Amino acid sequence: MLRLTLQSPLKPPLLSSLFLLKPSFPTTNLVVNHPEPPPTTTGLSRILNFFLQNHTKGSTKLFKDNPFLKKIILELNSLEIEGIVEKLSVENYESTLEFFFLLRNDYAFKHSRVSHIVIAHILAKKQRFRALKFHLQHFVQQEGSGSAHSICELILCRFQKWDSNHVVWDVLASAYSRCQMVDDSLFVFAKMKDFNIQASIITYNNLLYSLRHTDNIWDVYGDIKASGINPSEYTNSILIDGLCKQFLMQKAVDFLRESEPCVVSFNTLMSSSCKMGSVDVAKSFFCMMFKCGLHPNVYSYNILIHGLSVAGAMEEALEFTDDMEKHGLEPNQVTYNVLAKGFHLLGMMNGVWKFVNEMLHKGINPDIFTCTMLICGYYNDEGIKVREDTRFHASDISDTMLLSSLCKSGRFDEALNLFHEIESSGHKPDPIMYSILIRGLCKRGLVEMAFQLYKDMLCCKRILPNIVAHRSILKSFCEKGYICEARVLFDALINCDLMDDVFLGNIMIDGYAKLGDIGEAVHVYELITGKGIMPTIVTFNSLIYGFCKARKLDDARKWVDTICAHGLIPSARTYTTLMDAYGEEGKMEAVFELLEEMKARGIEPTHVTYTVIIKCLCKRRQMHESVRILKGMLPDDFQPDEVFYNTIIKNLCEARDMKGASQLHKEMAVHKLQPSRVTYNIILNGLCTHGDLKDAEELFSTLQDVGLMKCDYTILIKAHCAKGSVDKAVVLFKKMIEKGFEISIRDYSAVINSCNRDRNSVFQLSSLMIKCGLDTDSNCG
DNA sequence: CTAGGGTTAG
């Protein structure tokens, strides 16, 4: 059994064992690219043909157990397989389907386009619409965006006369919409119009859905009306959803009035109202539903109960929960999670436990949302109490809670012990417990150990890690600079179809962006959007950060338009990132231009925005003028934060205005801001370089209680060296070593360099270096 | 098509 101890974290090179991960993943669908051999006339395909002809139904089973035939398949290229598929399809649909999917799923065979379209026709003919839908989605994902043109061409050339032609066209247009390839979808629509093929309402709905963030919804809606087909209930609610997403609530309500109202439309309106903070409006929609003769469903109740819970109106939330049951609707996982969250927000742990308990009693297992609440530490230190509480004694949840508490307080030894104890008591290891440990270890920077656990659950225990585990590992890999390992994991998740949400993609994109590797960042972006995952504003903000980091500012700026094209609204973060980048390049006009642009869009600058602005201003101007300009810009209710102050204090120090700096330091208290170690470090540095060294020493000694950082020591040491007080420097240096800070050669040389080439001092420090440190090679950082 | 969480800037 795997035993982990905190004393022996794995060294990074072992991470290369990650490459073993891929074959260990328990799912299929790993795409293997077969090298395409030149077309052969070896007769292999004739043998295969002969074989398939002689076994209609059940042929593939025979085929599966036949190593000889397997060998034949691997010898053939996709063109030869295509020939077989086509020929077979004339004689036997079922065999063709089995043959195709067996090759794809079990042999990871990459079929040709023609084969795919043949299969689509068979599925259409057999009216297996669900399978057809998935088949074509899979197909267009594989083909990627921009493929519509050539695929349409192919269908026109070779499939025009096939019976199910119109169905295939229709579902193809849907597939492109569902995979977020809107341009391709529109291309298919246009071709269909040329050939008088009527799109179904389902296909229109898919298109409408993928365009719901944009003005184009009305064009599509107009098209539907003009074509004479009846909009469905879905059509209306998608339209309402789109209008809500564009914050056009009034238009949404107007449309609801004119169209046939349905529960989903009301739910969408309620959800949007709650998100905008108006639970009352949501409640009035709820009442309106009854007046329209409609009955709220579980979604309706949950939306409302959530709205009330986050607003702190727990009594009312509970009333609606009762009401729900009176109307014959059972509260579900979501209901309980939402109620638990509400009580937690109020700090009423009894309430939380009441609902987690009720959930267990009803046989509803805590799901990923409950777990996220547990794992992400909503329940702080309650775990230990809970485990002692007899009501929860020996239940899985109490173990989970205890584990969570231990991880939260950094007691990993105890956490791991508990974990092994649970394991050896015959309990099946639980993915939630794993993810708690993995997340905890990652948070502490112990990603190597966390990954060991991750692999242990995956490879040894055959438990699929949950989203929390994936996220923690991926994020930590990125943060620690193991970008290649992160990518291998990411690709494995994609290939196993375990990547269905945008968050993992965002983490991966951000990882590349932070390194300035914008090429890969964009590549990952294309990868996830090709999978039909909708990018969010976070995706774009990270991409823009990446372009800025790569110093491609004009490209970065152009991506703001892409955000809008996706129906998303650029955020204050978007603009702040751009402004910071332009400021760094000294392009103040651009900074102010962006500020105007964001305000024009109704996006309020945040305290971060203003921090960036002051940072930029100070680069070019006198400090006092900069502050004056900034003061003119700040809104009355501006709430500065600690970093805002730190930035100004730092600039004041650099302008040698130590008096102003200490004044601002005092002012922080007025805003109830606690100066942090960073603040003190800035002031210390200021005093050392532009102020009185005595003041610096004084500050240094008072800081001893607050806790000193390594750079506090080095700053003062360097200052002493520069002033020629090497003795004082040496005393401090020894103290720093005593405190257990890791001292690198770089630290030594930095100090020695600041000795003004005074040979005596250099000698003194060098001997100290030989005496005290560098006896191991571990600190050559 | 509609509900619960998490990923980004100084």
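Below, all heavy atoms of this structure are taken into account, side chains as well, without hydrogens, waters or symmetry copies. As the structure is a prediction and not an experimental result, all values here were calculated from the model. Each chain gets a letter, A, B and so on, in the order its sequence line appears, and its residues count up from 1.
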Just to be sure I understand the rule, does [X] reach a base, reach only the sugar-phosphate, or reach nothing, if contact means heavy atoms closer than 4.0 Å?
X	answer
Y545(A)	sugar-phosphate
F266(A)	nothing
N332(A)	base
S271(A)	sugar-phosphate
N236(A)	nothing
N337(A)	base

Quiz item: cation-pi between R677(A) and Y680(A), 6.0 Å / 45°: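 The answer is no, since R677(A) fails at least one limit relative to Y680(A).
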
Compute both the distance and the angle, then confirm whether R557(A) meets the cation-pi test with Y582(A): under 6.0 Å from the six-membered ring centre, within 45 degrees of the axis.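 R557(A) over Y582(A) ring: yes.
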
Out of [options], which nucleotide sits closest to the side chain of [X]?
X	options	result
V538(A)	dT8(B), dG5(B), dC1(B)	dT8(B)
V334(A)	dG4(B), dT8(B), dC1(B)	dG4(B)
F503(A)	dG6(B), dG4(B), dG10(B)	dG6(B)
D641(A)	dC1(B), dG4(B), dG10(B)	dG10(B)
V643(A)	dC1(B), dG10(B), dG4(B)	dG10(B)
N302(A)	dA3(B), dC1(B), dG10(B)	dA3(B)
R471(A)	dG4(B), dG6(B), dC1(B)	dG6(B)
T611(A)	dA9(B), dT8(B), dG10(B)	dG10(B)
T606(A)	dA9(B), dT2(B), dG4(B)	dA9(B)
I467(A)	dG6(B), dT7(B), dG4(B)	dG6(B)

Integer-rounded Å distance: [N] [atom2] and [X] [atom1]:
X	N	atom1	atom2	result
F369(A)	dG6(B)	CZ	P	10 Å
I364(A)	dA3(B)	CD1	C1'	15 Å
H306(A)	dA3(B)	NE2	P	11 Å
L269(A)	dC1(B)	CG	C1'	13 Å
I533(A)	dG6(B)	CD1	C1'	15 Å
I614(A)	dA9(B)	CD1	P	22 Å
E233(A)	dC1(B)	CD	P	14 Å
Y582(A)	dG10(B)	OH	P	17 Å

So does E479(A) pair up with K514(A), basic N to acidic O under 4.0 Å?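 Salt bridge absent between E479(A) and K514(A).
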
Verify the contact: side-chain N or O of [X] to OP1 or OP2 of [N], cut-off strictly under 4.0 Å; return yes or no.
X	N	value
K514(A)	dT8(B)	no
Y209(A)	dT2(B)	yes
K275(A)	dA3(B)	yes
T576(A)	dG10(B)	no

Using 30° and 60° as the class limits, which term best fits the ring planes of H327(A) and Y301(A): parallel, tilted or perpendicular?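 Correct class here is tilted.
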
Base of dA3(B), side chain of N267(A) - is there a donor-acceptor contact under 3.5 Å?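 Such a pair does not exist between side chain and base.
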
For dG6(B), does the base pair up with any side-chain atom of N506(A) as donor and acceptor (N or O, under 3.5 Å, distance only)?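 Side chain to base: no pair present.
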
Write down the atom of C274(A), the atom of I303(A), and the distance for their closest heavy-atom approach.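 The answer is SG-O, 4.0 Å.
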
So do the side chains of E642(A) and P675(A) get within less than 4.5 Å of each other, counting heavy atoms only?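 With C-beta onward as the side chain, the pair stays apart.
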
Is the ring centre of Y299(A) under 5.5 Å from the base ring centre of dT2(B), and are the two planes under 30° apart, so that they stack?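 The ring of Y299(A) is stacked on dT2(B).
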
Give the intermediate values and the outcome of side-chain contact (heavy atoms from CB on, under 4.5 Å) for residues T539(A) and I509(A). CA-CA 7 Å; T539(A) 322; I509(A) 289 171; 3.6 Å; yes

